[in-house]
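Below is one structure, written out as structure tokens, with a few remarks after it.
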Amino acid sequence: MKYNVEEIRERIHIGQLEGIGERLEEDIAGILNRAGVYFRIFNRAKTPSSIVWKLEKGRYGFGENEKKLQDLVGLRVVVYYNDDMEIVRTILEETFCREGEWSETHITEEEFKASKLNGVFRIPDEYQRIYNGDLSCVPADMTFEVQLRTISFEGWHEIEHDMRYKSPHGEDFWRNNEDLSRTLNCILANLELCDWSTVSVFNQLADYHFEAGNWEMMMKGKFRLRFSMQPLSPELVAFLDENPCVAKCLYRCSRDEVIFALLRDGQHERITYDLVVKVANDTIATYEKKLQRRLAKLCNEVMREGRVMRTEKLELNPLDCSPAFQLNVVLSHNSEMNVEDEFMAAVQMIGGWAQSRFHNVANDIPLEPVDYELHVAGYNLKILGNVSLGFYKLDLDYIDMTRKGVVWRTTVSLERSERVWMKVNCDYCHPPDRLVRDDFVKPRFVDEIFRKIGYEDVIPMSLKATKVKNMKEMGELSEFIANPSRNLPVILAVEEEDEERQINITRLAETVGTYAHVFLVDKKVIPVMVETSDYTKEELMGAVWVTFRDGEDKFFTREMIANSRFDFNKYAFDRGNVYEKAFRHKLVRLIKEKNC
């Protein structure tokens with residue numbers, strides 16, 4: 001049976017499946033954090049093309065006894081220690097409803113294969129209720145798959161998945177090279193040895209510290225949990241020193257019993273050595289009852305003293321707002337159009353942008369300057385408009401669907417007089433204590449209005465660099481730069497004698513031309529620049545000069561441009577002048593940061 005990618009994309013609602021995966025990841029991570037184990041967790045939802053590929057590759061059907069896709073939502077839990085595989089497996093079985101048996105690697109003593117442990121679980125009803133996609137178009141269950149891996153085998157599975165399981169060449173890729181295939185499998189022996197040896201080393205280290213009476217280090221090596229930096233309390237150290245039989249019992253506690261005891265203790269927010277002693281004493285201890293009661297009392301006392309009491313109620317704090325884009329320009333005027341038509345055209349383009357942003361939320365957003373309000377959970381839109389007054393203002397807020405706690409805010413206003421003035425402000429609002437990722441977001445209508453009407457900032461804006469060819473034009477440029485009405489930055493690139501070393505001014509203008517002026521100064525004008533500046537001819541040749549409205553200047557010589565480098569060089573294997581791309585990237589970044 002042939003499946004249609006577009007139909008699957010439209011009916012299955014991959015975005016909602018991704019949301020379910022994120023919720024499941026949070027649930028599982030919360031449990032494993034309480035258990036104190038070292039882990040990494042990832043989630044993904046199958047893409048429509050991946051769904052089609054798997055359905056056409058395997059034997060899946062709609063019949064009652066036919067195989068179904070069970071991994072539309074998938075999670076991978078990577079543990080640091082091999083013995084955590086069974087612990088996490090048990091936690092998952094106790095937490096979710098398992099479908100079928102675990103898929104695991106069965107090998108003989110003479111084989112080496114990639115170790116895997118995959119389980120399928122039913123998606124909880126509380127998450128199924130928020131899903132409104134249609135799975136009837138594919139043979140699939142409302143289940144999710146969990147893959148358990150050790151950190152040693154995690155990378156190996158990526159290699160095997162790509163070079164064997166999903167290789168487009170099938171068996172032909174390895175045919176007549178069985179020796180190489182066997183050599184690749186030999187690597188597995190080393191990975192398996194790494195997993196076993198790591199646990200063995202720490203067990204021996206725990207034994208050494210037990211014999212030496214180093215109780216805290218003994219617990220670190222024995223239980224291998226994500227302990228906090230808080231040391232074992234001196235009172236408990238003294239108790240174990242005085243009662244070695246208790247320390248011996250603690251040492252003999254099995255690691256999985258301690259972890260499950262931690263999970264049964266619902267009070268803790270972090271794993272401390274004191275906590276492990278307490279839960280082991282409360283639930284696993286097999287020594288003298290009198291000593292057990294004494295230790296229980298002592299544990300309660302030291303943990304009560306160390307507990308941080310919350311005396312203040314949790315309060316909601318205002319979000320910090322960081323600018324993402326700003327623009328203050330006049331719309332260009334076409335003599336063949338009247339200003340009213342230009343005003344209305346700009347309103348329609350802004351309203352169309354709002355419609356596209358909110359197309360799943362509202363279908364009545366106006367395309368003319370009238371008053372309008374929309375308030376839905378997570379989305380707010382307010383429009384104030386008056387045709388006769390020539391006024392239009394749009395305020396739009398919406399939550400970020402990919403970053404938690406982030407709200408986007410866009411405000412745009414138009415005022416019509418002899419010309420149409422436009423002002424745009426975009427902010428993203430975030431919790432004060434959250435690390436903010438740099439953002440520069442230019443709304444789509446900014447470019448659309450520019451293409452169809454145009455902008456002016458004292459002089460017209462352009463996506464092409466303006467050539468300054470003589471002394472007269474250089475004088476006019478100087479007057480423009482000094483004009484106090486100018487809002488946007490000016491970039492002057494001086495022509496280079498060697499064309500191969502010239503900065504790509506065309507690409508630069510195409511990138512920043514809607515919010516910066518870009519000029520290319522002919523090398524014949526350099527003598528004039530020498531007279532009016534503090535730079536020499538050698539310094540000016542091939543240089544780039546940036547002037548901002550506040551009077552701040554940035555000057556880059558040809559040597560500085562040639563020494564530009566990427567922190568992360570995506571163009572390392574490209575031909576051409578990588579340094580020129582690096583500098584242009586740096587220059588665009590500078591303009592964007594100044595805009596914000």
Side-chain angles (χ1 to χ4, degrees), residues 28-39 77-95 148 150-151 195-196 198-233 235-237 239-241 243-289 291-303 306-307:
I28 296 171
I31 297 170
L32 298 185
N33 280 326
R34 283 181 50 229
V37 298
Y38 284 90
F39 71 97
V77 180
V78 182
V79 295
Y80 287 31
Y81 301 108
N82 186 54
D83 50 352
D84 282 334
M85 294 272 283
E86 282 300 320
I87 291 172
V88 175
R89 172 179 179 163
T90 302
I91 290 173
L92 291 170
E93 289 182 340
E94 294 292 324
T95 305
L148 300 184
T150 64
I151 203 163
D195 277 339
W196 178 85
T198 301
V199 173
S200 178
V201 165
F202 287 116
N203 283 339
Q204 292 181 52
L205 197 58
D207 184 65
Y208 167 80
H209 287 301
F210 168 71
E211 295 295 337
N214 302 323
W215 312 127
E216 182 180 311
M217 288 186 280
M218 176 268 288
M219 294 169 64
K220 181 73 172 177
K222 170 74 176 181
F223 300 120
R224 290 174 273 116
L225 300 176
R226 200 183 291 272
F227 285 105
S228 72
M229 297 299 292
Q230 180 181 332
L232 182 64
S233 295
E235 297 90 338
L236 295 184
V237 173
F239 184 90
L240 295 175
D241 287 341
N243 301 279
C245 62
V246 177
K248 185 174 183 179
C249 182
L250 179 63
Y251 176 66
R252 288 183 173 177
C253 289
S254 70
R255 182 169 177 269
D256 55 344
E257 283 182 321
V258 169
I259 289 174
F260 293 129
L262 287 169
L263 286 174
R264 287 190 292 271
D265 178 82
Q267 306 301 317
H268 64 271
E269 296 181 357
R270 55 182 183 155
I271 308 297
T272 65
Y273 296 100
D274 293 352
L275 175 64
V276 170
V277 172
K278 179 183 182 300
V279 298
N281 183 66
D282 290 347
T283 61
I284 311 172
T286 57
Y287 46 85
E288 185 183 340
K289 294 295 182 182
L291 283 176
Q292 188 177 349
R293 288 193 295 272
R294 281 180 56 198
L295 182 56
K297 181 180 179 181
L298 184 59
C299 286
N300 288 331
E301 290 175 355
V302 298
M303 294 188 69
R307 187 178 298 126

- Item | Heavy-atom neighbours of Arg226 CZ exceed 12 at 6.0 Å | yes

- Any side-chain heavy atom of Tyr81 within less than 4.5 Å of one from Ile151? no

- Side chains of Thr90 and Glu94: is there a donor and an acceptor less than 3.5 Å apart? no

- Quick one: pull up NZ in Lys220 and CG in Asn214 and give me the separation to the nearest 0.5 Å. 15.0 Å

- Among side-chain atoms of Asn82 and Thr150, is any donor-acceptor pair under 3.5 angstrom? no

- Between the side chains of Asp207 and Tyr251, is a donor N or O closer than 3.5 angstrom to an acceptor N or O? yes

- Task: Compare all side-chain heavy atoms of Phe239 with those of Glu235 and state whether any distance is below 4.5 angstrom.
- Result: no

- Quick one: pull up CG in Leu232 and CG in Leu275 and give me the separation to the nearest 0.5 Å. 11.5 Å

- Kindly check if the number of other-residue, nucleotide or ligand heavy atoms within 6.0 Å of OH (Tyr38) is above 12? yes

- Message: Can you see whether Asp274 engages Thr272 through a side-chain donor-acceptor pair at a distance of less than 3.5 angstrom?
- Response: no

- Message: Any non-hydrogen side-chain atom of Lys248 less than 4.5 Å from a side-chain atom of Tyr287?
- Response: no

- Query: Is Asp265 salt-bridged to Arg34, going by a charged N under 4.0 Å from an acidic O?
  - Reply: no

- Task: Indicate yes or no: at least one non-hydrogen side-chain atom of Glu257 is less than 4.5 angstrom from one of Ile284.
- Result: yes

- Note on the structure: Heavy atoms of Ala261 and Thr283 approach each other most closely as CB-OG1, 3.5 Å

- N-O pairing of Lys278 and Asp282 below 4.0 Å: yes

- Query: Is the closest side-chain heavy-atom distance between Ile31 and Leu92 below 4.5 Å?
  - Reply: no

- Please answer whether the main-chain N or O of Val277 pairs with a side-chain N or O of Asn281 as donor and acceptor at a distance below 3.5 Å. no

- Query: Is any side-chain N of the basic residue among Asp84 and Arg255 closer than 4.0 Å to the acidic one's carboxylate O?
  - Reply: yes

- Would a 4.5 Å heavy-atom cut-off, applied to side chains only, mark Val78 and Phe39 as touching? no

- Are side-chain heavy atoms of Cys299 and Leu236 found at a separation under 4.5 Å? yes

- Give the ring-plane orientation class for Phe227 versus Tyr273, where under 30° counts as parallel, over 60° as perpendicular and anything between as tilted. parallel

- Query: Going by heavy atoms in the side chains, are Ile87 and Ile91 under 4.5 Å from each other?
  - Reply: yes

